[in-house]
Amino acid sequence: MIPKLLSLSIVIAQSMSALTITAIVLCALGVAASFSTRLPAVLASYAGLLCAHFAGAVYVDGSVLVFWAVATVLVLGIGYFNAGRVALMRPGNSYILTAAIAGTLLGFLVAPTAAALIGGSAIGAVLGAIAFRSTPRGPRALPLFSPVFINFMCASGLRAVVACSICGITVASLI
């Protein structure tokens, strides 16, 4: 009886580590896919969050899953309705995403909480959009915080913030 329980516990431990590895790989895939405006990167990030939940992550409960599911649906909806406009803003996507990743990492270093991760990612995305705006390829005529700038941030920045925040929360809860 005891050897069977021991072998069962080893199988469960191996499956949990497989789910943990799958969650981290899906999060990395989600962030990498965010560099392309055509891929639904937030779906991979959310799948990583689901894997972390089933792996027994500490801070990922039902309310967190519902919150990020709503955010994922909103980002996918905005991407669907702004499909033509997103193609025009593709060069700024790498600036926004890189700054959002840096903001997420800084938020994690300040305080490994969801609020710090989301806030750092959002501040990084805005700073990345401002940095892109000041480059020669960026639209200098685009006034800061105008409706066009807000649309640009919703199309590119919100996707980066949600993907980076989900991945940051997933990794932070698995550590």
Side-chain angles (χ1 to χ4, degrees), residues 4-82 86 93-129 153-175:
K4 287 183 181 181
L5 288 176
L6 184 60
S7 65
L8 180 63
S9 66
I10 290 172
V11 169
I12 290 173
Q14 288 175 347
S15 68
M16 289 300 174
S17 65
L19 279 174
T20 301
I21 291 169
T22 304
I24 292 172
V25 167
L26 283 171
C27 284
L29 182 66
V31 170
S34 293
F35 282 101
S36 172
T37 56
R38 295 181 181 161
L39 298 174
V42 293
L43 285 179
S45 299
Y46 187 73
L49 186 69
L50 281 173
C51 285
H53 172 72
F54 291 121
V58 179
Y59 299 111
V60 182
D61 58 358
S63 62
V64 171
L65 290 176
V66 169
F67 175 81
W68 289 112
V70 170
T72 300
V73 168
L74 285 174
V75 167
L76 290 173
I78 289 172
Y80 177 75
F81 289 116
N82 280 334
V86 172
N93 190 34
S94 62
Y95 282 88
I96 291 172
L97 185 62
T98 304
I101 292 169
T104 304
L105 292 174
L106 286 174
F108 181 76
L109 292 175
V110 169
T113 62
L117 292 170
I118 297 167
S121 180
I123 290 170
V126 170
L127 292 177
M153 285 303 299
C154 285
S156 296
L158 188 61
R159 184 181 64 241
V161 169
V162 170
C164 290
S165 297
I166 289 174
C167 292
I169 289 169
T170 301
V171 172
S173 65
L174 290 173
I175 293 179

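Predicted, not measured: the structure shown is a model, and the values here were computed from it. All values below were derived from every heavy atom in this structure, side-chain atoms included, with hydrogens, water molecules and symmetry-related copies excluded.
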**Q.** Straight-line distance of Leu50 CG to Leu43 CG, nearest 0.5 Å
**A.**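 Nearest 0.5 Å value for the CG-CG distance: 10.5 Å.
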Q: Can you measure from CG (Leu106) to OG (Ser121) and round to the nearest 0.5 angstrom?
A: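 Nearest 0.5 Å value for the CG-OG distance: 11.0 Å.
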[X] to [Y] - nearest heavy-atom pair and separation:
X: Gly128; Y: Ile96; value: C-CG1, 4.1 Å
X: Ala41; Y: Gly30; value: CB-O, 3.1 Å
X: Tyr46; Y: Leu65; value: OH-O, 2.9 Å
X: Arg159; Y: Val42; value: O-CG1, 3.9 Å

(Q) Can you list everything that forms a side chain to side chain contact (heavy atoms under 4.5 Å, CB included) with Ala71? Sequence neighbours excluded, please. (A)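 Ala71: side chain to side chain contact (heavy atoms under 4.5 Å, CB included) contacts with Trp68, Val162.
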Q.
Ala32: which residues meet the side chain to side chain contact (heavy atoms under 4.5 Å, CB included) condition with it, sequence neighbours left out?
A.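 Expected list: none.
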Q.
Against Leu49, only a single residue in Thr72, Val60, Leu26 fulfils side chain to side chain contact (heavy atoms under 4.5 Å, CB included); can you say which?
A.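 Of the listed residues Thr72, Val60, Leu26, the side chain to side chain contact (heavy atoms under 4.5 Å, CB included) partner of Leu49 is Val60.
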Atom pairs and distances, side-chain donor-acceptor, residues 163-175, under 3.5 Å, sequence neighbours left out:
from	atom 1	to	atom 2	distance (Å)
Ser165	OG	Val161	O	2.7
Thr170	OG1	Ile166	O	2.8
Ser173	OG	Ile169	O	3.1
Ser173	OG	Thr170	O	2.9

Q) Where do Thr113 and Phe108 land on the side chain to side chain contact (heavy atoms under 4.5 Å, CB included) test, with the steps shown first? A) CA-CA 7 Å; Thr113 62; Phe108 181 76; over 6 Å; no
**Q.** Check: Ala125 main-chain N/O paired with Tyr95 side-chain donor or acceptor under 3.5 Å
**A.**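 A pair under 3.5 Å: no.
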